[in-house]
Each structure stands twice: as C-alpha cells, then as structure tokens.
Amino acid sequence: GGGMDASALSSSVKVIKNRPFIVFSLTGDLFLQEQAVRIVGLLIAICRGLIDDDIIDCIFDEEFTSLVPAPPAPHIGLLSGEATYMTWEGRMKTILNARRTDRYSKGWNEDEVVATVEEWERDMVHDVARGWYCGGEEEDGRLKTETRWLEDVLHPWARRTKALLHDYRGWKASQKTEGPSFLPPLGSINPDVPQLFEKVLYHLREADKSGLWPSTTPNRQLVMLSTTSNEDDNPLNNTKKKAAALSVAHMKAKKNSQSRQSAYSFTEGEGGASGSFSVGAMPGEQCAQPKGNSLFPNLVRAAFELEIALRPDRTPSSTIAINRNAQFRPHTDNGAGAGQSTSLIVGLGTYVGGELVVEGERRDIRYEAIEFDGWNERHWTLPFQGERYSLVWFTPKGCEGVRGIDLDLPTT
C-alpha cells in the first residue's frame, strides 16, 4: 500500500505516487508454470503475518507427503521484466537479450534495437500500473484490486494452509516417535457402523480375510505410500524408514522367501496391509470385467447398491476402485480411460485421520460420501491409524452408458 517513506526502501524499490514497486530477480535453470508468481505470493503472506515462516520448510520438505501450494500473487500487477541467457551467450558468442554492451559483436545490442525494446518496456510498465488502478481506490487509499486479491485469494489460502502447517508440525514431531502421534487415539473414534454401510463393510472385511485381495497395479503403486516402520527389528535402530512408493515394497516382496509373494505380506501405510484394485467394468473390448468381479461378487454387488443409496440422483457408475489401508500421495487420476466422470468417494472402517484433501480442501469422508473431479483436481490422503477402507465410484471413458449395478455377476 501507499504512505511508505522512500528513504526507508532499498535501492531495488521505485516509488511512484507513493506506492512501492519491488523488482525481484529469480535465478534457475528451469521454471515451473506460475512458480515465480507463487514465490512472490508466499513472500507477501509471510510478510503480512498471515502464515508463519516455517511454511517454507513445510512446502519444500520432500518427505512430507501432503501437497502444500503457495498462493499466486495477483497477475495484474506482475510482469516478466527480463530473461537472461548467460550460458548460451557464452557458447554462441552472441547477445541474446537486448541491452547495451560490447561483450560480443553479434546479437541484440545495436542502439536502435535496444532503444525500441526500452520504449516497449516503458509502455508495459505503464500498462501494468494502470491495471492496478482500474478498479479505483478504497476510502483509505488502498487499491480495490489489492483488496479483492486479499479477500478472494490470500486470506482463504492462509486459512486452509494453517491447517496443513499444523499437520506438518505434528508429522515432524512424530518422526521422533513411533507412529503418527499427532493423531487422536484410536479409541476416541465411535466404532459403530451406520446401518447403510454394514453390508459393504462386512464384505470388505471378508475379502480382506480371504487372502485373495488382488495385487495393486504398478501405476497405482507409484502414488501409494509404503510402510513407515523400521526396516529391521534391531532395537538399537531408532531411525524410521522413510515413506516410499508402494512399488518399492512390492519389488522387495518378490525377493522374499515367504509363501505370499506380494507387498501385502508386510505392514503398509499407517493402518496395516494396503492394497487397491478395481471392480465393475473397464474400458477395452466390450468393457471387459476385472478379476475382482469373480473373486468378490457379493462385495461388488453391495458396493454398487451403496452408490445408488448414497446418491439416488447420480447416474450409476460403471467402475469402483476399492482401497484397503491405502494412503495416496498427491496426484490426479490418469488410468485407463482418461477423462472419466466425476468421482464419488466414501471411507469405511474404524480409523482416525485419513481425511481426503482435494486441492488443499480437507474433507472427512468416514461414512460421508463426497464428489470431486479426480482427473483435474489434485487429491491425496492424510495419515491415519486403524482399519481404513475407501470406495471410489467412477465411469471411465469408453464405458459410458455401462451401469455396474446391471453387470451379470456370479452368485455365491
């Protein structure tokens, strides 16, 4: 905002009409989309006291599995002032960004070219400044453009991110202890199962006890977390194994001498053996049915009936992803038939934690079904303890018009 004394500002700040304009210089080999504007937005949030500065550790901690986005600065007030290519200039012996220099004879350093570029840059700066003023000013002199950004972007981001930062601090502290100590005790959760979910949960538990739970596909393994317990039973080893992709555990399991050659012979996630498979119809020749249909027909039938009971106005889905104690990393769905319908998800079992996060919005799905766009919205699972199942209903591209509830399933 205005009113700042120019003498209190560094030489990198130009004051126009008592409003400061700060020039940042970012250096890197490659920049992600919106990376620069989000760096600026995060700096503003910290300087305003909207979030503590350990949010920086949270965002860049690669071992923390939640996705913590930084807020974008208002695009209307930003422009890319200059790009430099020092390495390539040295290789090509050529000036690649217009400026006055006699370092090399070739390139964009002729006076006429530089003068034209400088005039264009002045026009751009004036256009950006006018953009800030296009909404007018508040009574206190604050720009309405700034106020809208604060109310619509920065403040909502801060409210959401404080919860994620709280999770990060708890997770960080839990690395020094056994298990996710930041979660409430398992005994604090009501173990009663709503009547609507009793049948499906019964069949899920029966499938779990059967020993026939199918292996997770390699692609899905990559976005699931493996065990966070110690790799060995040495009591002197107090270091915890870092979370890794489930595919790592699966590869280790193949080398194991146990009779059950799968990753699920081992403790996975925070709740026990994890796994994920699909039932219903999948895209392909005449929407071939997955193996799970014949393994657990009663579960499949009950799960499709549950979708109709939960959302009677929703078009019945063709397919269900069934997850057991699965903690997913931030991802968007891109499996067979990319471009699927809106997903419906619900959690079942006796567990604490394990909320679904969709683009930073935390949702408790334990016996509470929600819809989300899994193919465009980033989503992930928060840590949990206990027995956690989840069902995700969707219709892959290529299975339009196929209703899982109508499939001819074997009877048992």
Side-chain angles (χ1 to χ4, degrees), residues 61-68 167 171 174-175 179-180 183 204 207-208 212-231 240-256 260-279 282 290-292 319-336 338 340 343 345-349 351-359 362-363 365-366 372 374-375 377-394 396:
D61 194 329
E62 294 183 0
E63 296 177 19
F64 185 54
T65 56
S66 288
L67 180 66
V68 185
D167 290 343
W171 170 84
S174 76
Q175 302 307 292
L183 292 174
L204 284 167
D208 189 7
L212 300 175
W213 196 278
S215 295
T216 306
T217 62
N219 284 343
R220 196 173 296 182
Q221 289 178 25
L222 293 174
V223 294
M224 293 171 65
L225 292 180
S226 68
T227 180
T228 55
S229 61
N230 289 340
E231 282 194 285
K240 298 182 70 179
K241 181 184 174 184
K242 293 180 175 62
L246 184 59
S247 55
V248 175
H250 192 89
M251 286 186 289
K252 289 183 178 180
K254 289 182 177 180
K255 301 177 182 178
N256 194 280
R260 209 173 156 198
Q261 296 295 309
S262 76
Y264 319 120
S265 304
F266 305 93
T267 300
E268 301 293 338
E270 299 292 357
S274 62
S276 178
F277 67 97
S278 295
V279 297
M282 292 296 289
K291 185 193 301 183
T319 313
I320 310 172
I322 300 179
N323 307 307
R324 175 185 66 185
N325 293 331
Q327 183 180 350
F328 286 87
R329 296 176 179 274
H331 70 286
T332 55
D333 299 326
N334 61 354
Q340 294 95 325
S343 301
I345 186 171
V346 73
L348 307 90
Y351 64 90
V352 291
E355 295 90 344
L356 175 74
V357 184
V358 181
E359 290 293 345
R362 180 197 309 241
R363 304 291 296 273
I365 63 169
R366 185 171 181 262
F372 69 103
W375 290 268
E377 295 179 315
R378 296 167 294 183
H379 54 283
W380 62 96
T381 317
L382 293 181
F384 61 90
Q385 282 186 319
E387 169 206 52
R388 182 184 186 276
Y389 297 97
S390 64
L391 302 176
V392 186
W393 293 270
F394 62 98

Relative to the ring of W213, is the ring of F277 parallel (under 30°), tilted (30 to 60°) or perpendicular (over 60°)?
perpendicular
Atom CD1 of I365 and atom CD1 of I345: how far apart are they, to the nearest 0.5 Å?
4.0 Å
Drop me the distance from S276's OG to F328's CZ, to the nearest 0.5 angstrom.
4.0 Å
With a 4.5 Å heavy-atom cut-off, do K291 and P214 have their side chains touching?
no
Taking S343 for the side chain and F394 for the main chain, is one N or O donor matched with an acceptor at less than 3.5 Å?
no
Check ring pair (Phe, Tyr, Trp, His ring centres under 6.0 Å) between Y389 and all other residues, then give those that pass, not counting sequence neighbours.
none
If only atom types and distance count, is the side chain of R388 paired as donor or acceptor with the main-chain N or O of G354 below 3.5 Å?
yes
If only atom types and distance count, is the side chain of H379 paired as donor or acceptor with the main-chain N or O of T332 below 3.5 Å?
no
Can you name the side chain to side chain donor-acceptor pair (under 3.5 Å) partners of R362, sequence neighbours left out?
D167
Closest non-hydrogen contact found for D61 with W171 is OD2-CZ3, 3.6 Å
Please answer whether the main-chain N or O of W380 pairs with a side-chain N or O of R329 as donor and acceptor at a distance below 3.5 Å.
no
Any idea which heavy atoms bring S278 and T319 closest together, and the distance?
CB-CG2, 4.3 Å
Side-chain contact, heavy-atom cut-off 4.5 Å: W393 with V346?
yes
Between G349 and R366, what is the shortest heavy-atom contact and its length?
O-NE, 2.8 Å
Atom pair CG/CG of L183 and L382 - distance to nearest 0.5 Å
9.0 Å
What is the distance from atom CG of L348 to atom CZ of R324, rounded to the nearest 0.5 Å?
14.5 Å
Report yes if some heavy atom in the side chain of E355 is under 4.5 Å from a heavy atom in the side chain of R363; otherwise report no.
no
With the side chain counted from C-beta on, respond yes when I322 and L391 share a heavy-atom pair under 4.5 Å apart, and no when they do not.
yes
